[in-house]
Each structure stands twice: as C-alpha cells, then as structure tokens.
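Residue numbers start from 1 in every chain, and the chains themselves are labelled A, B, ... in the order their sequence lines are given, proteins ahead of strands.
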Protein chains: 2
Amino acid sequence: MDVRRAAGLSRRLRDGGLRATGPRTEVLGALEDLGGHRTADEVYDLLSTRGRRIPRSSVYNVLASLVGAGLALTADAGPGAVLYEVAGEWHHHFVCKVCHRVTDVPCAAGKPCLTPSGDIGVVDEAQVIFRGTCADCLTHS
Amino acid sequence: MDVRRAAGLSRRLRDGGLRATGPRTEVLGALEDLGGHRTADEVYDLLSTRGRRIPRSSVYNVLASLVGAGLALTADAGPGAVLYEVAGEWHHHFVCKVCHRVTDVPCAAGKPCLTPSGDIGVVDEAQVIFRGTCADCLTHS
DNA sequence: CCGTTTATTGGAACCAGTCCAGAAAAGCGG
DNA sequence: CCGCTTTTCTGGACTGGTTCCAATAAACGG
C-alpha cells in the first residue's frame, strides 16, 4: 500500500479515536477498495490475495471497532452474513428477494430521518429496508 | 391444547393454503402464546417445556412455511438470530442498542409504505428499523 | 527508549441454520 | 373406511458465520 494512502487511512482512524494499527488500516483500506456492502469474509479474502495473512477473528475485531468509531456501518439486509460498508452519505437499502443483492437508495433527508411517534426512548437512526425484485431479476425471468 | 384452539389454528393454516399438521398447529400456537418477536429456539424451548419433543429442524421448517403462507413474519432487527412474529397489523421496529429488545412501532400507513425514488425494480415492502436507547435503559443508566 | 495501555493472534468453541434420506402423516378418490 | 399419492416430519450430520480467550505483540505518551 502506498505511503500517502496509508497516512490518510491512519489519520481517519485517529480522527475516529482509534489507534492506527496495521490491521486497522489494512481492513479499512480493503473495505474501501471493495466498495459497496461486504462481508467480513470478503475483506478477509481480499487481504489474503494481497498476501496479508491475518486471522479471520482479527477482521471481525477490526470491523467491530470501525463500526464503533463510526468509520464503517453495518447494512441491515436481513439474515445471513453481516454486511459492512465504509461510512459515507446516509442512505437506505434495497434488497432483491431473488438475487439478494443490496443496492443503495439515497435518503431524502441525507441523514438519519423519520421519527416514530410515541415515547419510546431516544432514536439515533432510522434505516429503511426496501424489499422486492430488482430490475435485472425482473427482465431475466 | 384445547380443542377449540386447535381447530382455530388449523383453520388459519388451511386458509393460508397449508395442510394442518400437528407440528404446524403447535408451532403457530407457541409463537402466538409467546407473543412479540421470537427466535426459532424460543419456540423450540416452549414446546419442549410443554413436553412436545420436536426436532429443531422441524421448527425451522414450519416457521419457513408459516412465513411463506403469510401467517408469520420475520422481523428485521439486525444481526443475530432471525425473529419471527405472528402476522398482524403491519408495523416497524425499534431496536434498543443497549438491551437489544425489539418494540413494535405502528406504521402510519398501516401497510407496507414508502417507495424509493428511481427505477430500481419492484418494491414489495419497506420496513423501517429505528435504533436507539429505550426508555428503560435510559433511566437505568 | 520504556512502560503502560491497547490491540492482535490463532485456535477452539459456539450458535444459528441447512441438508438429506428414510419414516410418517395428510388428504384424495373410491 | 381403504389404499394411494403427495406432502411433511424427523433426526442427525454438517456448514457458515461469529465469538471467546489467553498469550503475544504493537502503539503511543512521557
């Protein structure tokens, strides 16, 4: 990984209140390179093909701290492996019932939106999951 | 289980297009008795304490057919075990980040609502997950 | 450079869920 | 009520995803 890239990643980690360790820069970099919604194993596999041997459990550890620091998000997409993505513009997800692919859906508010009525507690975010059949799967059937 | 109850459950199963078998009436009854959002294992445990030995895989099978028939729903609540609930009024969920309890949030529309903009495919439903801290956890901290 | 604090490693263990093939039950026509 | 066909159930093995833990190593403030 080139030096500028690593420095940028390190700074983001520190800005998030995390120590800038090797595994953390590598995992964050890999998640960013992959783009979109990825499982811990996909990150693990990319690092492996790059020759970086790292235990799976470390990938899980790191992803958990990235989420804790707000640098990554888990995408709610239903059962199965948890999907992670680099934190960016707030958005929602469309999950295709056929191919299970997850597509971003821009959020009108651009930030956590919608508040439930009633005295339920403090709501930090509202995420919407749209379920249906994607355009691709509609044409291929 | 009393006879009237069993008959009612059987009828609901048949109305849903399913054969009214023992495991299905028992699982549907147990899910209803438990109320709220429950994992397959919670249903399994209730049946066990009732002295009904049934394989866990049967509970999974049955829950899957109940969902397929529209008699039960899976509640989107993030990672972890899938939560099932008896189908009723369409609603959303508030998930407490502290105690992980799931609370129903009435849906203003009373049915699958919200449509994403853009040509994304066919949207069947839109489920909202509110995340935050529930009233109980706020006071106890 | 040292010490303290925090993170990583690697492997074992765990839990949720799926798969499969034989056995049983449901519902049909007669 | 009987037997036939189809659907469902069973039980156990198995997988994938994730967490746990105790020893080791690395980060960073002084």
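At dC9(D), none of the side-chain N or O atoms of Ser57(B) fall inside 4.0 Å of OP1 or OP2 (strictly under the cut-off). Listed pair Tyr60(A) / dT19(D) fails the phosphate criterion, with no side-chain N or O lying under 4.0 Å from OP1 or OP2.
Of the residues near DNA chain C, Gly22(B) and Arg52(A), the one whose nearest nucleotide (by heavy atom distance) lies more toward the 5' end is Arg52(A). Nearest-nucleotide assignment on DNA chain D puts the 5′-proximal partner with Arg24(B), out of Arg24(B) and Val82(A). In this structure, Gly17(A) and Ala81(B) both approach DNA chain C, and ranking their closest nucleotides by distance from the 5' end singles out Gly17(A).
Residue-level contact check: Ser65(A) touches neither bases nor backbone, having no heavy atom under 4.0 Å from any strand. Across all strands shown, Ser58(A) has heavy atoms under 4.0 Å from base atoms, whether or not it also approaches the sugar-phosphate. Asn61(B) comes within 4.0 angstrom of a base, heavy atoms only. Residue-level contact check: Pro55(A) touches the bases, meaning some heavy atom is under 4.0 Å from a base atom.
When the nucleotides dG27(C), dC28(D), dT8(C) are ranked by their closest atom to the side chain of Pro23(A), dT8(C) comes out on top. Closest approach to the Thr21(B) side chain among dT9(C), dC9(D), dG17(D) is made by dC9(D) (side chain taken as heavy atoms from C-beta onward). The side chain of Arg19(B) has dT7(D) as its nearest neighbour among dT9(C), dT7(D), dG17(D).
The separation between Arg14(A) atom CZ and dT6(C) atom C1' is 14 Å, rounded to whole Å. Nucleotide dT9(C) holds its P atom 8 Å from the CD atom of Glu26(A), rounded to whole Å. Atom pair Leu18(A):CG and dT5(C):C1' shows a separation of 15 Å (rounding to whole Å applied). Distance Leu63(A) CG to dA7(C) P: 15 Å, rounded to the nearest Å. Between the CG atom of Asp41(B) and the C1' atom of dT18(C) there is a distance of 14 Å, given to the nearest Å.
Between the side chains of Gln127(B) and His91(B), no donor-acceptor pair is found at a separation under 3.5 Å.
Distance alone, capped at 3.5 Å, places no donor-acceptor pair between the Arg12(B) side chain and the Gly8(B) backbone. At distances below 3.5 Å, not a single donor-acceptor pair connects side-chain atoms of Arg131(A) with backbone N or O atoms of Val123(B).
Taking 4.0 Å as the cut-off between side-chain N and carboxylate O, Arg5(B) and Asp33(B) count as a salt-bridged pair.
Taking the ring centre of Tyr44(A) as origin, the terminal cationic atom of Arg56(A) falls inside the region bounded by 6.0 Å and 45° from the ring axis.
A donor-acceptor contact under 3.5 Å links the side chain of Arg56(B) to the base of dG17(C).
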